[in-house]
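Below you'll find the structure, written out as structure tokens, and then a few comments.
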Amino acid sequence: MQNDYTEITEGFAVDYPMAQPSSAKLVLFNEELFERLELNWTEEEILSYLSGSSSVEGNPASALAYSGHQFGHFNPTLGDGRAHYLGTTQGHNTSDLQLKGSGATPFSRGGDGLCALGPAVREFVMSQAIQSLGVNTTECLSVITTGNDVYRQGYVPGAVVCRVASSHIRVGSFQYLAFQEDKTGMERLLDLAIKRHYPQIQSEGDDRVCDFLKHVCNNQISLIIDWLRVGFIHGVMNTDNCLVSGETIDFGPCAILEAFDFNAVFSSIDKQGRYAFGQQPNIAHWNCARLAESLMLIMEDDEEQALAKLTDVLNDFSKSFNEAYHIMWSQKLGLPEWQDSDNTLLSELLVLMKNHQLDYTNTFAALTSLAINKKVLFTVPVELNEWLAKWQTRISEFDAAEVATLMSNANPAIVPRNELVEKVIEEFYETGHSPILEKWLPLLSNPYEYKEYDKVFTSRHSKPDTYQTFCGT
Ligand code: AMP
Ligand code: MG
């Protein structure tokens with residue numbers, strides 16, 4: 001393990017001790033990820049390193065500085081207020097290991113630096129589920145209860161999560177260096193980001209900066225397309241929660257879309273719907289614009305020309321997004337080709353789904369089960385009868401096997417349902433483990449498998465309008 005961030009600039013990675021657990025207990029562990037990381041730690045080391053009891057192999061833990069636009073408002077000094085970066089692994093899969101809930105740091109701004117068990121469990125379940133859904137994401141290696149209580153709405157058990165990311169370089173990390181006007185620091189951060197994520201970039205000077213922005217935009221597009229495809233609502237797409245690698249990070253107020261609605265919002269603090277389901281593409285574009293703005297610091301051209309070059313890259317975002325967006329819907333609908341009239345077919349379906357509050361996953365799963373000749377598995381809602389006939393006529397123009405493959409790869413049969421995630425959390429609070437999760441996690445790990453499921457795993461939230469999620473808990 002090594003620390004890749006101390007070299008960026010002074011104050012970028014601040015060594016800081018972690019809070020000591022009074023009795024660490026491993027409650028969730030991702031064996032498969034552990035193997036992939038090639039860590040070779042003993043059980044004792046796992047517990048000691050991943051609970052924050054001791055730093056890893058002598059590397060002092062550190063908190064990273066970053067800025068961020070939170071709900072559109074710029075905050076120059078955010079940083080890891082309740083997280084410690086442990087180091088970067090040197091195996092095949094270079095990854096940052098970070099503990100969350102490991103105590104206050106110089107960036108805590110009055111917060112306690114801790115994490116309650118519930119949100120830790122949520123991060124573990126959601127990250128593993130969406131990774132299995134094929135979405136680019138940070139992963140969760142472990143959840144360890146600390147034996148210390150944390151105060152939220154009353155006292156609850158505290159936990160530490162170990163997050164694994166291909167890096168923790170955020171749009172907000174570039175914003176931080178831009179705010180400091182630290183050109184050398186930003187050049188170093190750009191080098192690190194390119195080395196980690198985009199080694200294919202061979203250009204130099206301003207072209208290299210623009211190529212980097214282009215790659216970040218493309219990865220953000222792929223990410224958002226996947227979120228839309230599986231019905232994931234991140235909930236707090238602030239620039240500090242936007243990684244330049246294009247991985248999903250921070251599962252605080254996230255949710256799964258159940259009753260279809262582009263305006264769906266679950267986060268208790270997102271009163272304006274800034275981060276609503278259907279707003280996510282616009283926000284990703286907006287976040288990339290904040291990255292472009294920051295990168296201006298290291299452009300060599302005069303201001304006007306530099307701005308024009310970066311703007312050109314940003315202008316491609318919408319075009320590339322729209323192309324990918326059509327491909328996504330054509331896959332979900334089983335159409336190997338898209339023609340103009342398919343826009344009507346799609347919008348008719350979406351209007352019906354919205355008006356009748358149809359379940360996003362189950363509706364597409366029902367169409368898929370028809371296409372793969374397993375129609376007993378999911379039922380097409382009666383409200384779609386008329387539309388269904390039009391869709392069936394359209395797909396009959398194509399090879400049935402091709403339609404089936406497209407749909408079964410794009411439409412999951414099983415997703416991390418909001419209400420069930422809450423039940424898992426309740427079980428952890430009540431007994432320290434979750435029988436539901438033991439049955440559910442293997443299913444979530446194979447979400448495109450069309451087979452008979454216990455209804456509990458495919459039923460949606462009983463009161464879709466009242467479900468709420470919370471930040472920073
Ligand atoms: P998040 O909503 O988790 O992305 O956090 C936004 C910012 O608030 C980050 O700088 C976090 O480190 C910080 N933060 C969130 N919760 C806490 C906490 N309990 N104590 C200290 N800082 C926190
Ligand atoms: Mg965050």
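- Looking only at side-chain heavy atoms (C-beta outward), Gln331 and Asn409 stay at 4.5 Å or farther from each other.
- With Glu139 as reference, Arg36 is the one residue of Arg163, Arg36, Gln128 to meet the side chain to side chain donor-acceptor pair (under 3.5 Å) rule.
- Inter-residue side-chain proximity for Arg170 and Thr239 is flagged as unmet; no heavy-atom pair is nearer than 4.5 Å.
- Between Arg196 and Asp191 there is no salt bridge, since no side-chain N of the basic residue sits under 4.0 Å from a carboxylate O of the acidic one.
- Relative orientation of the Trp227 and His234 rings is parallel, given thresholds of 30° and 60° on the angle between their planes.
- Relative to the six-membered ring of Phe364, Lys332 meets both conditions, a distance below 6.0 Å and an angle of at most 45° to the axis.
- Looking at Thr469, its side chain does come within 3.5 Å of a backbone N or O of Pro253 through a donor-acceptor pair.
- Using a 4.0 Å cut-off between charged side-chain N and carboxylate O, Arg290 and Asp240 make no salt bridge.
- Summarising the geometry of Ala120 relative to Ala159, their closest heavy-atom pair is CB-CB, 3.9 Å, with the distance given to 0.1 Å.
- Within the 3.5 Å criterion, the main-chain N or O of Asp4 finds a donor-acceptor partner in the side chain of Tyr85.
- Between Arg82 and Asp112 there is no salt bridge, since no side-chain nitrogen of the basic residue lies less than 4.0 Å from a carboxylate oxygen of the acidic one.
- Of all the heavy atoms in Ala61 and Ser55, the pair that sits closest is N-CB, 4.2 Å.
- Residues His84 and Ser102 have side chains that bring a donor and an acceptor to within less than 3.5 angstrom of each other.
- Between Thr105 and Asp80, the side chains place no donor N or O within less than 3.5 Å of an acceptor N or O (distance only, hydrogens not considered).
- Note on Arg460 versus Glu419: no salt bridge recorded, every NZ/NE/NH1/NH2 to OD/OE distance being 4.0 Å or above.
- Panel note: side chain Glu123, backbone Asp250; no donor-acceptor pair is recorded below 3.5 Å.
- At least one cation-pi condition fails for Lys100 and Phe251: the charged atom is not both under 6.0 angstrom from the six-membered ring centre and inside a 45 degree cone around its axis.
- The backbone N or O of Glu300 lies less than 3.5 Å from a partner atom in the side chain of Asp206, making a donor-acceptor pair.
- Taking the centre and axis of the six-membered ring of Phe71, the NZ or CZ atom of Arg274 falls outside the cone set by 45° and 6.0 Å.
- Proximity of a side-chain donor or acceptor of Asp96 to a complementary backbone N or O of His168 within less than 3.5 Å is detected.
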Should Val265 and Ile233 be marked as a side-chain contact (heavy atoms from CB on, under 4.5 Å) after you check the CA-CA gap, both sets of side-chain angles, and the distance that decides it? CA-CA 8 Å; Val265 175; Ile233 305 166; over 6 Å; no
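- Of the possible donor and acceptor atoms, one in the side chain of Ser51 sits under 3.5 Å from a partner among the backbone N and O of Leu47.
- A cation-pi arrangement, defined by a distance under 6.0 Å to the six-membered ring centre and an angle within 45 degrees of its axis, is absent between Arg229 and Trp329.
- Put simply, the side chain of Asp359 gets close to the backbone of Asn362: a donor and an acceptor are under 3.5 Å apart.
- Between the side chain of Thr137 and the main chain of Glu247, no donor-acceptor pair closer than 3.5 Å is present.
- Distance alone, capped at 3.5 Å, places no donor-acceptor pair between the Ser62 side chain and the Val14 backbone.
- For the pair Tyr198/Asn219, a side-chain contact is recorded, criterion being any heavy-atom separation below 4.5 Å from C-beta on.
- Note that the CD atom of Gln280 and the CD1 atom of Ile225 stand 11.0 Å from one another [nearest 0.5 Å].
- Rounding to the nearest 0.5 Å places CG of Leu189 at 12.5 Å from OG1 of Thr184.
- Using the six-membered ring where Trp is involved, Phe34 and Phe29 have ring planes that are tilted, between 30° and 60° apart.
- Of all heavy-atom pairs spanning Val313 and Cys217, the tightest one is CG1-SG, 4.5 Å.
- Of the listed residues (Leu50, Leu28, Val160), just one forms a side chain to side chain contact (heavy atoms under 4.5 Å, CB included) with Val143, and that residue is Leu28.
- Distance alone, capped at 3.5 Å, places no donor-acceptor pair between the Asn241 side chain and the Met237 backbone.
- Around the CD atom of Gln90, the shell of radius 6.0 Å holds more than 12 heavy atoms that belong to other residues, nucleotides or ligands.
- A distance of 8.0 Å separates CG of Leu333 from CG of Asn411, quoted to the nearest 0.5 Å.
- Counting only N and O atoms by type, the side chains of Asp342 and Gln339 include no donor and acceptor under 3.5 Å apart.
- Taking the six-membered ring for Trp, Phe12 and Tyr66 have ring centres at least 6.0 Å apart.
- Between Trp41 and Tyr49, the ring planes are perpendicular. Angles over 60° get that label, and only those under 30° would be called parallel.
- No more than 12 heavy atoms of other residues, nucleotides or ligands shown are found within 6.0 angstrom of CD on Gln272.
- For the residue pair Glu38 / Thr89, no side-chain donor-acceptor distance below 3.5 Å is found, with atom types taken as modelled.
- Salt-bridge check for Asp312 with Lys319: failed, with every basic side-chain N at 4.0 Å or more from each acidic carboxylate O.
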Before giving the answer on side-chain contact (heavy atoms from CB on, under 4.5 Å), spell out for Ser267 and Tyr275 the whole-Å C-alpha distance, their side-chain angles and the decisive distance to 0.1 Å. CA-CA 9 Å; Ser267 167; Tyr275 300 137; over 6 Å; no
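- Remark: Gln200 CD is packed, more than 12 non-hydrogen atoms of other residues, nucleotides or ligands lying under 6.0 Å away.
- Within the 4.5 Å cutoff, the side chain of Val424 has no heavy atoms near those of the Arg122 side chain.
- For the pair Glu258 and Arg417, the salt-bridge criterion is met [side-chain N within less than 4.0 Å of a carboxylate O].
- Aromatic ring pairs are classed by plane angle as parallel below 30°, tilted from 30° to 60° and perpendicular above 60°; the pair Tyr360 and Phe277 is perpendicular.
- Side chains of His326 and Asn343: a donor-acceptor N/O pair is present below 3.5 angstrom, by distance only.
- A distance below 6.0 Å separates the ring centres of Phe262 and Phe260.
- Under the ring pair (Phe, Tyr, Trp, His ring centres under 6.0 Å) criterion, the residue pairs touching residues 304-324 are His285-Phe317, Phe321-Tyr325, with sequence neighbours excluded.
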